[in-house]
Every structure is written in structure tokens, then in C-alpha cells.
Amino acid sequence: MHGTFLFIESISPESWLYTVFGIIVVTFLVLDLGVFNKNPHRVSTTAALIQSAALVAVSLSFGALIYYFDDQPTAAVEYLSAYVTEYALSVDNIFVIILIMRYFHVSDQYQHKVLFWGILGALIMRGIFIFIGAILIHEFHWILYIFGAFLVFTGAKMLFGKSEEDEEVNLDTNPVLRFSKKFLPFTTVEHGSSFWIRDKGKLLFTPLFMVIILIETTDLIFAVDSIPAVFSISQNEFVVYTSNIFAVLGLRAMFFVLSSVLNKFYLLSRGVSFILIFIGAKMLLELINIKIDTILSFIFIISVLVLSVVFSLIFPKQEKQNS
């Protein structure tokens, strides 16, 4: 027994945190698909709100664990800043996913399954992206300044460009989808929640599988913005990875919460653009030895998001009138 206690005490705090993190992620995935959503059904807004609130609570509690166990005093604040930033960036991602779902007329009862497998793929891709990013930053620290410049450019483009809801959507011309149709055999007939079927021994992919491909591609595109943004907040690989994964896990529940009210918070995308510009500028300022305190950065990010929501409600978007 004494030897067991010595073994436990010898485990590093970061190992404990990784263990807790792994248990949380696996438990969520098992409960989400294997217990609560085993059979296809429409996810109610109330259920999505409860799950979203629970995931946010777990994510914030994990931040408290980082504060307690991690030797770096700023690690917890960096984690919270990265988590909130990634969560905010997910809003635009959700809007595109909503457009994809509507375009393919995905039934409400199958949306959960599509999102589950789409987000599972996103978890794997984000892990690969973060691993590669950490190696690049370790070997070439100056790449952070490239990240900073890229974020300023992306934020400015979002701020002064057209929002997604103003764009005409024609997914039939999507290059990824056209490439997939060229090399994968698809059926145009719906087959419930199946992603593929066998017809006379031949494997055919269903339209629902097209939706999965587009969701994965969408997340890959958004990861190009979000991963540099999080690395600009913290170069602690553990903080970057856990904050990113927790935010992605909450993406599915947030989809069902926001799908009916996202247009009311139309200024959120503008707020996100300000956050990207701020994070990028913060990184570039370090070139001239100007450092912005981590806590001040966190306060700025939270303030921008809150003001974006408040002003969206105070000044509601005018509906377009058909001429």
C-alpha cells in the first residue's frame, strides 16, 4: 500500500491533468452517442441548453484544476482566454454548418448523428494541427509573428467583408464536393441515417456522407484561423490542446441552441473580427517589446463578446424586404 502511494505521488501534475482530460472526453463521447442519443431523434433546444451549460461548467472546472495543479500562475488564465476565443470563433463555423444542413435538407432527427461524427473527425484533425503547430513554433519561434500578421489580416477581412448570411450559397460548385463525387460512388436517394449502403454488392455513399465531408472541410478551414489564434494566446501545448478540444466538444450542443436564434446575434461575427485583430496585434507588439498582460487580454475578449451580444439585442438587424 505504501508503494502505491509513492507511485501516485510520483505522477506529475500535468499527467494528472491529462488523465482527467482524457476521462472527461471519453465519457462525453460514450454518453453522448451510446446512452443519451442512441436512437435518431430531434434534439430539443432545452436539452441542448442543458448539455451546453454542463459542458461549459466542466470546461471552466478544468480551468480551475489547471490553476490548482499547474506550476505556471498564468496557465489557467491562458486556458480560459483560449477556450473563450475558440468558442467565439465557433459561431461562424456553426453558421456555415447550418447552411450546409439546410442546403441538403437534413432531417432534424439525423442532425445529431451527423454532427457527432463530424466533430469526432474535428477532434482528430485539431490534434494533428496543434501537434504540427507546436513543433513549428518550437523550431521556428518567429512563425508566431506570421500567425499574428495572418490574424490581423483575417480579422480585418471579416470586419470589412460580407458576412456569411449575405453570401449566396451554391454547394454544388464546392471543389471538395465535386472532387468527392468524381472519385466516390454516391447515391442521390436518402437512406435514413446511413452514411453508406450496399446495392447489389457495390458500396455507395449517401447524401448524408456528403454533409459529413463538407462539415469536416469547414472545420479544417476554420482551424486555419483558430489554431494560430490560440497559439498567439499561449505556447503551452497542453493549454492549447485542452482549450481547443473542450470548445470543439461544445460545438454540437451550441449548434442546436443557436440554430434558431443565430441571426439575432448578428454582431457576434464582427466581435470575433475585433478579437482576431487584437490577438494578432498583441503578438506583433512583442516584436518591439510591448507585452499586454494575460488578464487584460482575457478581459478584452470577454468584454467584446458581451458587447456584441448586447448591441445585437439593442439594435436588432433589419430584415431585408423583397422588392
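None of the values given here were measured: they were computed from a predicted structure.
Both Ile128 and Leu123 are assigned to one and the same hydrophobic cluster, defined by single-linkage of ILVMFWY side chains at heavy-atom distances under 4.5 Å. Connection of Ile132 to Ile124 is established within a shared hydrophobic cluster, with ILVMFWY side chains joined at heavy-atom distances below 4.5 Å, either directly or through further cluster members. The cluster map of Ile, Leu, Val, Met, Phe, Trp and Tyr, joined by side-chain heavy atoms under 4.5 Å apart, puts Leu204 and Phe104 in different clusters. A continuous path of hydrophobic side-chain contacts links Leu144 to Phe238 [ILVMFWY only; heavy atoms under 4.5 Å]. Linking ILVMFWY residues whenever their side-chain heavy atoms come closer than 4.5 Å, directly or via other members, places Leu296 and Leu151 in the same cluster.
Put simply, the side chain of Ser59 reaches to within 4.5 Å of the side chain of Tyr79, judged on heavy atoms. Residues Phe278 and Ile292 form a side-chain contact, since some pair of their non-hydrogen atoms from C-beta on lies under 4.5 Å apart. The shortest distance between side-chain heavy atoms of Ser308 and Arg270 does not fall below 4.5 Å. Looking only at side-chain heavy atoms (C-beta outward), Leu203 and Phe205 come within less than 4.5 Å of each other. Contact check for Met101 versus Leu115: side-chain heavy atoms found under the 4.5 Å cut-off. Looking only at side-chain heavy atoms (C-beta outward), Phe21 and Tyr241 come within less than 4.5 Å of each other. Taking 4.5 Å as the limit, some side-chain heavy atom of Ile24 sits within range of a side-chain heavy atom of Phe62. Contact annotation: the side chain of Val240 never approaches that of Asn236 to less than 4.5 Å [non-hydrogen atoms, C-beta and beyond].
Using a distance-only test at 3.5 Å, with no hydrogens or angles considered, no donor-acceptor pair links the side chain of Tyr67 to the main chain of Ala75. Listed for the Ser243 side chain is no donor-acceptor partner under 3.5 Å among the backbone atoms of Ala82. Remark: side-chain polar atoms of Ser52 are not paired, donor with acceptor, to backbone N or O of Leu49 under 3.5 angstrom.
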Evaluation steps, side-chain contact (heavy atoms from CB on, under 4.5 Å), between Leu17 and Leu65
CA-CA 8 Å; Leu17 289 171; Leu65 287 178; 3.8 Å; yes
Working for side-chain contact (heavy atoms from CB on, under 4.5 Å), residues Ser297 and Lys282
CA-CA 9 Å; Ser297 298; Lys282 174 177 175 287; 3.1 Å; yes
Chi angles and distances behind the side-chain contact (heavy atoms from CB on, under 4.5 Å) call for Phe246, Val58
CA-CA 9 Å; Phe246 272 125; Val58 169; 4.2 Å; yes
Show your reasoning for whether side-chain contact (heavy atoms from CB on, under 4.5 Å) applies to Ile279 and Val230.
CA-CA 9 Å; Ile279 293 172; Val230 178; over 6 Å; no
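Between the CZ atom in Phe231 and the CD1 atom in Ile143 there is a gap of 10.0 Å [rounded to 0.5 Å]. Once rounded to the nearest 0.5 Å, the distance linking CD of Glu216 with CE of Met125 reads 4.5 Å. The distance from the CD1 atom of Ile97 to the CD atom of Gln111 is 10.5 Å, given to the nearest 0.5 Å. To the nearest 0.5 angstrom, Ile314 atom CD1 is 10.5 Å from Leu267 atom CG. One distance of note links CG of Leu268 with CD1 of Ile275; it measures 9.0 Å at 0.5 Å rounding. For the atom pair OG (Ser107) and CG (Leu208), the distance works out to 9.5 Å, reported to the nearest 0.5 Å.
For the side chain to side chain contact (heavy atoms under 4.5 Å, CB included) test with Thr85, the passing option among Asn244, Leu305, Ile233 is Ile233; the others fail.
For Val56, the side chain to side chain contact (heavy atoms under 4.5 Å, CB included) partners at least two apart in sequence or on another chain are Leu60, Tyr83, Tyr87. Every side chain to side chain contact (heavy atoms under 4.5 Å, CB included) that Leu287 has, sequence neighbours left out, goes to Tyr145, Leu284. Glu78 meets the side-chain hydrogen bond (donor to acceptor under 3.5 Å, both in side chains) test with Ser234; sequence neighbours excluded.
Heavy-atom minimum distance, Ala247 versus Glu86: CB-CG, 3.2 Å. Residues Pro185 and Lys202 share a closest heavy-atom pair of CB-CE, 4.2 Å. The minimum heavy-atom distance between Val114 and Ile212, with the atom names listed, is O-CD1, 3.3 Å. In terms of heavy-atom proximity, Ser232 sits nearest to Met283 at O-CE, 3.3 Å. When all heavy atoms of Ala229 and Leu276 are compared, the pair lying nearest together is CB-CD2, 4.1 Å.
Atom CZ of Phe150 has more than 12 heavy atoms from other residues, nucleotides or ligands within 6.0 Å.
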